[in-house]
Amino acid sequence: MPRMKATRFDAPFAKIFARPFARRFARPFARPFAVLFAMRFAVLFALLFVVVPNTAHAQKPVTAGASVPRGTVIHLRLQSGSVKLSGWPFDSVHVSGMLAPGESWAMRADGDTMRLRADGIPRGLAAPSELEIFVPMSSPLIVRAAAASLVVRDFDVSVDVATAAGNLLVEAVRGPVRAETMQGTLTVLGPIPRVDASTASGALLVSVPYDTINDVVYEQRTTSERATPFSVVLLRSVSGRITFDSPAVDSAIIHNVRGDVRVITSPTASGRVHVTSHVGRVIVGWTDKMRANVDALTQKGGVRGSVPVNGAPPAGAAAQTTGNVAQSAGDAAPSSAGVDVSTLMRRTPLGVAVSYTFGRSNDTRPGPFTVRAVRGELVFERVDVRPAP
Amino acid sequence: MLVLAALALVVGIVLSRNTTRSAAERAALPPRADCVRFPGACADGVPTAPPAELAALHTEVAAADSAWRTTLARESRSGVFPDKGLTAMRDALVATESAVRDARALLQEAEQQQNADARALALDALREAYESKRALLTRATRLLEEAI
């Protein structure tokens with residue numbers, strides 16, 4: 001860069017003021033960026049140590065309890081923070097933990113409903129509430145929260161939980177579950193008889209713990225269909241990724257607008273699975289123990305991955321294979337002996353359609369599994385199931 | 001120099017308007033279309049009126065939208081609802097509205113081609129898009145009402 005020449009007007013100025021100024025004040029700014037960054041980080045770090053303990057001390061402890069008649073509806077309203085909500089076998093409610101500054105706790109009986117409420121709006125940088133709440137596991141539960149993250153577990157009856165912005169985890173519930181969050185991750189761990197879950201932008205995961213996915217579950221389903229971890233499942237999101245992973249389901253309806261959908265399941269003989277997506281990908285996972293009767297169509301999207309066929313995965317249009325997989329080798333072929341596979345992939349005026357069925361000839365045939373995507377891509381993938389311990 | 005400084009000031013003020021606008025105000029704005037992911041949402045000549053089969057559903061969506069805006073107007077005064085939730089709602093509304101317009105464009109395309117099967121598929125897609133929007137608005141309105 002050419003050095004600027006001093007004019008006769010600014011030369012005295014530079015001599016008297018600018019050069020000493022530059023030497024004294026501008027030099028530190030000539031330090032490498034990394035040094036400056038480290039200095040600023042150190043200042044911020046120090047500030048953090050000053051601010052955090054002060055706000056933590058500003059939390060208020062809360063301990064409260066009350067007895068409630070059996071079957072009383074528990075209605076809980078929260079503002080923010082993290083809340084662990086558990087059912088217990090006693091006919092009483094117990095709350096303990098810390099409340100955010102600006103919040104207060106209230107409990108009152110209202111007919112056949114017990115209302116628990118954290119009132120007030122937490123102040124800006126205040127430490128959030130941290131509460132642990134126990135309520136009777138036989139009491140229907142309704143939770144409404146503004147920005148709280150919740151863990152809900154151990155209930156025998158219905159659970160209805162909604163938060164505007166926060167993560168939700170629901171598990172070990174023996175009654176129907178309705179759960180929703182606008183912005184946050186929603187996780188529902190089965191077995192749960194009925195799940196109605198939705199998010200706007202957060203990820204949505206509905207699954208069973210992996211140690212319960214084993215041969216026993218599959219074999220029971222194919223013989224007596226008693227072991228369905230989920231009976232009825234309704235999942236909906238706008239831009240979050242939906243994952244539904246269960247060896248079997250009676251009825252599942254899943255819809256996503258912009259986010260992806262990943263489904264690894266098989267409907268029972270009288271059940272059905274229906275997945276729709278507008279823009280997001282639909283990923284259909286399959287295992288060699290799964291019985292499938294899949295009918296998938298994407299209007300404007302493509303297809304990739306591996307569907308269960310004899311030999312190599314299909315590529316392009318008009319690939320049709322029918323036969324017994326056990327007699328041939330191929331990466332995509334199920335490994336169990338005597339599995340009948342019929343796969344058809346074709347390009348139609350409506351889009352790309354893929355359909356396949358497979359299962360043993362003496363199995364109960366599963367119900368329909370339909371996938372409809374508008375612009376989303378269809379992806380088929382083989383999933384390895386962890387063997388039973 | 002003065003002119004440049006004034007120009008920069010004006011540009012700065014204009015640009016900062018969006019950042020200073022509250023989440024509630026942004027959520028109340030009519031959603032713009034996501035033309036990248038939903039190409040049909042910005043196609044020209046697509047009618048906004050619903051097909052006869054979905055007229056009732058369209059009316060329900062309009063009612064849900066009206067209820068949402070009324071509740072949102074009240075909420076913006078209370079400030080209870082978190083900004084993160086409102087921003088997520090705003091983005092979700094853009095996506096669902098784009099899906100509606102995109103499905104409507106596909107329906108028009110199928111009708112122009114006189115393809116009954118394609119029309120049925122597009123109609124299903126439009127129904128899903130409407131139902132997504134209605135479900136979203138209903139959920140958000142209920143959450144907002146219960147949070148106030």
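Sequence lines set the chain letters: A, B, ... in the order given, protein chains first and strands last, and positions in each chain run from 1. Fair warning: this is a prediction, and the values are worked out from it, not measured in the lab.
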As a test of understanding, state which of A:Val275, A:Thr298, A:Ile242 forms a side chain to side chain contact (heavy atoms under 4.5 Å, CB included) with A:Val282.
A:Val275
Side chain, backbone, both or neither of B:Asn115 within contact of chain A (heavy atoms, under 4.5 Å)
side chain
B:Leu121, part contacting chain A, at a heavy-atom distance under 4.5 Å:
both
Pair count under 4.5 Å, heavy atoms only, with chain B: among A:Arg375, A:Arg144, A:Gln183, highest is A:Arg375
Applying a strict 4.5 Å limit to non-hydrogen atoms, the region of A:Thr163 in contact with chain B is backbone
Distance-only side-chain donor-acceptor flag, A:Ser129 / A:Gln79, under 3.5 Å
no
Identify which of A:Ser201, A:Ala146, A:Gly184 forms the greatest number of heavy-atom pairs closer than 4.5 Å to chain B.
A:Ala146
If you tally heavy-atom pairs under 4.5 Å between each of B:Ser132, B:Ala95, B:Gly85, B:Ala103 and chain A, the highest tally belongs to B:Ser132
On the 0 to 90° scale, with breaks at 30° and 60°, tag the A:His278-B:Phe38 ring pair as parallel, tilted or perpendicular.
tilted
Please determine whether salt bridge (charged side-chain N to carboxylate O under 4.0 Å, His left out) holds for the pair A:Arg77 and B:Glu146, giving the CA-CA distance in whole Å, both sets of side-chain angles, and the decisive distance to 0.1 Å.
CA-CA 9 Å; A:Arg77 204 171 130 176; B:Glu146 290 169 353; over 6 Å; no
Give, as side chain, backbone, both or neither, the part of A:Ala373 having an atom under 4.5 angstrom from any heavy atom of chain B.
neither
Would A:Asp295 and A:Arg372 count as a salt bridge (charged side-chain N to carboxylate O under 4.0 Å, His left out) here? Give the steps.
CA-CA 9 Å; A:Asp295 165 25; A:Arg372 294 290 177 267; 3.0 Å; yes
Proximal component of A:Leu78, with respect to chain B [non-hydrogen, under 4.5 Å]:
neither
Would you confirm whether B:Lys133, through its side chain, and B:Asp65, through its main-chain N or O, come within 3.5 Å as a donor-acceptor pair?
no
Please flag which part of A:Ser277 lies under 4.5 Å from any non-hydrogen atom of chain B: side chain, backbone, both or neither.
neither
Looking only at the side chains, is there a donor atom on one of A:Thr199 and A:Ser237 sitting less than 3.5 Å from an acceptor on the other?
yes
A:Thr276 versus chain B, heavy atoms under 4.5 Å apart: side chain, backbone, both or neither?
side chain
